[in-house]
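If you're wondering where the values come from, they're calculated on a predicted model, not measured in any experiment.
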Amino acid sequence: MSRGKFIALEGGEGAGKSTQARLVAEALRARGIEVVTTREPGGTQGAEAIRNLLLHAEGDGWGARAEALLFAAARADHVEKLIRPALERGAWVICDRYLDSSRAYQGGGSGLSDADIRTLHAIGSEGLLPDLTLLFEVSPEVSGARLARRDTEGTDRIGGREAAYHARVAEAFARFAEAEPARFARIDGNGTPEQTVAHAMAALEPLIAALPEPRT
Ligand code: TYD
């Protein structure tokens, strides 16, 4: 049994990642691939507890460094208990957000250095990187309209930060994709979910084509 592929979905708020995680997983299963879908922060019991601390805790919130450490700790638990074991038994893992969210939010948004965030990742998760990261990019008008529909009950501590913060996050993601074109596929997320999943599957096709037959 060969190791499964690790696919991360990234993008700003309202980019459509969660819908795409579901649609990409369905499309891969239809091709005979075992798929585990998960999300960050979270995915395991411990990481979901940290998610709650990060996004919904009472009080005055976290400084940028404490926040980065908590994301790295949640990721460490997620990688150790869910992601690595799934990949090792041959399943593909589709993860809604991963390391590049820490680089974009705690780095681009909050100003921590990329080197520090990568060091935390090396310590926490032995530097595990996705085989491919799908970066969903949408115009500010499209994400604004989606968030207005989704967040009628209010947003979380990070999603609710000011527009300039989210603009820095979007710029950071674009910079990462330019710097490492082999690790990222930039996906136009402005269309319908069906159009977007077709772009995402086109980006995954080389990984699927490289699988040994049969894939049952
Ligand atoms: P979530 O409700 O999952 O948001 P979304 O649907 O936009 O993915 O909340 C996750 C929030 O946490 C989101 O605002 C991005 C932020 N985040 C970071 O700041 N750093 C990280 O490393 C991760 C994984 C998420």
Side-chain angles (χ1 to χ4, degrees), residues 3-22 24-25 28 34-110 112 114 116-136 150-151 153-161 165 169 172-173 176 183:
R3 184 182 172 278
K5 298 292 177 196
F6 179 20
I7 313 297
L9 276 50
E10 297 282 10
E13 316 287 312
K17 292 179 303 342
S18 309
T19 306
Q20 289 303 315
R22 185 169 49 76
V24 166
L28 289 172
E34 184 195 348
V35 181
V36 173
T37 55
T38 186
R39 67 157 181 195
E40 289 205 347
T44 56
Q45 202 178 4
E48 290 289 334
I50 296 176
R51 175 188 178 89
N52 207 31
L53 289 176
L54 277 162
L55 300 182
H56 306 294
E58 302 292 324
D60 60 357
W62 306 101
R65 286 178 184 277
E67 185 176 280
L69 283 158
L70 285 170
F71 275 112
R75 184 163 301 126
D77 194 64
H78 192 206
V79 165
E80 182 189 340
K81 296 195 181 133
L82 189 146
I83 296 177
R84 275 194 200 278
L87 295 173
E88 273 157 24
R89 67 166 200 270
W92 285 38
V93 174
I94 307 294
C95 190
D96 184 349
R97 295 195 181 280
Y98 188 67
L99 172 68
D100 293 304
S101 278
S102 287
R103 299 175 66 214
Y105 285 77
Q106 284 65 54
S110 302
L112 262 64
D114 203 47
D116 280 352
I117 291 168
R118 285 178 174 273
T119 299
L120 295 182
H121 188 55
I123 296 168
S125 303
E126 297 173 289
L128 179 71
L129 289 179
D131 294 290
L132 188 67
T133 296
L134 304 178
L135 174 61
F136 293 91
R150 184 185 81 177
D151 292 339
E153 310 261 301
T155 177
D156 58 62
R157 273 187 182 280
I158 296 177
R161 288 176 185 165
Y165 182 94
V169 168
F173 275 130
F176 303 157
R183 192 163 75 75

Visitor: I need the Leu9 CG to Arg39 CZ distance, nearest 0.5 Å.
Guide: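 Leu9 atom CG to Arg39 atom CZ measures 14.0 Å (nearest 0.5 Å).
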
Visitor: Considering non-hydrogen atoms only, spot the tightest contact between Phe176 and Ala104 and give its length.
Guide: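 Of all heavy-atom pairs spanning Phe176 and Ala104, the closest is CE1-N, 3.6 Å.
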
Visitor: Go through it in stages, so that I can follow the logic: the residues are Val24 and Ile7, the test is side-chain contact (heavy atoms from CB on, under 4.5 Å), and I'd like the CA-CA distance, side-chain angles, deciding distance and then a yes or no.
Guide: CA-CA 10 Å; Val24 166; Ile7 313 297; 5.8 Å; no

Visitor: If I compare all heavy atoms of Gly12 with all of Phe173, which pair ends up nearest, and what's the gap?
Guide: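 Closest approach of Gly12 to Phe173, heavy atoms only: N-CE1, 4.0 Å.
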
Visitor: How many angstroms lie between atom CG of Asp100 and atom CG of Leu135, to the nearest 0.5 angstrom?
Guide: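 One finds 8.5 Å between CG of Asp100 and CG of Leu135.
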
Visitor: Rounded to the nearest 0.5 Å, what's the gap from NZ on Lys5 to CG on Leu132? Could you check?
Guide: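 The distance works out to 10.0 Å.
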
Visitor: Considering non-hydrogen atoms only, spot the tightest contact between Ser102 and Ile117 and give its length.
Guide: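 Result for this residue pair: O-CD1, 3.4 Å.
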
Visitor: I need the minimum non-hydrogen distance between Val36 and Arg89, along with the two atoms involved.
Guide: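 The answer is CG2-NH2, 3.6 Å.
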
Visitor: Quick check: closest heavy atoms across Cys95 and Glu40, and the distance to 0.1 Å?
Guide: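 Heavy atoms of Cys95 and Glu40 come nearest at SG-CG, 3.9 Å.
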
Visitor: Start with the C-alpha gap between Arg161 and Val169, add the side-chain angles, then the distance that decides, and say whether side-chain contact (heavy atoms from CB on, under 4.5 Å) holds.
Guide: CA-CA 11 Å; Arg161 288 176 185 165; Val169 168; over 6 Å; no

Visitor: With a 3.5 Å distance limit and no angle check, can you tell me whether Arg22 reaches the backbone of Thr37 through a side-chain donor-acceptor pair?
Guide: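 No, Arg22 side chain to Thr37 backbone: no donor-acceptor pair under 3.5 Å.
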
Visitor: Taking atom OG of Ser110 and atom CZ of Arg65, what is their separation to the nearest 0.5 Å?
Guide: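 Between atom OG of Ser110 and atom CZ of Arg65 there are 11.0 Å.
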
Visitor: State the NE2-CD1 distance between His78 and Ile50, to the nearest 0.5 angstrom.
Guide: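 Separation between the atoms: 11.5 Å.
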
Visitor: May I ask you to decide if Leu53's main-chain N or O and Trp62's side chain share a donor-acceptor pair within less than 3.5 Å?
Guide: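 Yes: the side chain of Trp62 pairs with the backbone of Leu53.
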
Visitor: Between Glu10 (side chain) and Leu134 (backbone), is there a donor-acceptor pair under 3.5 Å?
Guide: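 Pair absent, no side-chain N/O of Glu10 close to backbone of Leu134.
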
Visitor: Under 3.5 Å, side chain of His121 to main-chain N/O of Ala72, donor-acceptor pair present?
Guide: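 Here the side-chain-to-backbone pair does not exist.
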
Visitor: In residues 14-21, what donor-acceptor pairs under 3.5 Å come from side-chain atoms, sequence neighbours left out?
Guide:
from	atom 1	to	atom 2	distance (Å)
Ser18	OG	Asp96	OD2	3.0
Gln20	OE1	Val197	N	3.3
Gln20	NE2	Pro193	O	3.2

Visitor: Return the set of residues passing salt bridge (charged side-chain N to carboxylate O under 4.0 Å, His left out) with Arg157 (not counting sequence neighbours), or none when no residue passes.
Guide: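 If we apply the salt bridge (charged side-chain N to carboxylate O under 4.0 Å, His left out) test to Arg157, skipping adjacent residues, there are no hits.
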
Visitor: Among residues at least two apart in sequence or on other chains, which ones pass side chain to side chain donor-acceptor pair (under 3.5 Å) with Tyr105?
Guide: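 Listed in chain order: Glu13, Arg97.
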
Visitor: Determine the minimum heavy-atom distance between Tyr98 and Leu128, stating which atoms define it.
Guide: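 Result for this residue pair: OH-O, 2.8 Å.
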
Visitor: Within the distance-only criterion (no hydrogens, no angle test), does the side chain of Thr44 pair as donor or acceptor with the backbone N or O of Ala47 below 3.5 angstrom?
Guide: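 Flag set: sc Thr44 to bb Ala47 pair under 3.5 Å.
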
Visitor: Mind checking the CZ-CH2 spacing from Arg3 to Trp92? Nearest 0.5 Å is all I need.
Guide: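 Nearest 0.5 Å value for the CZ-CH2 distance: 11.5 Å.
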
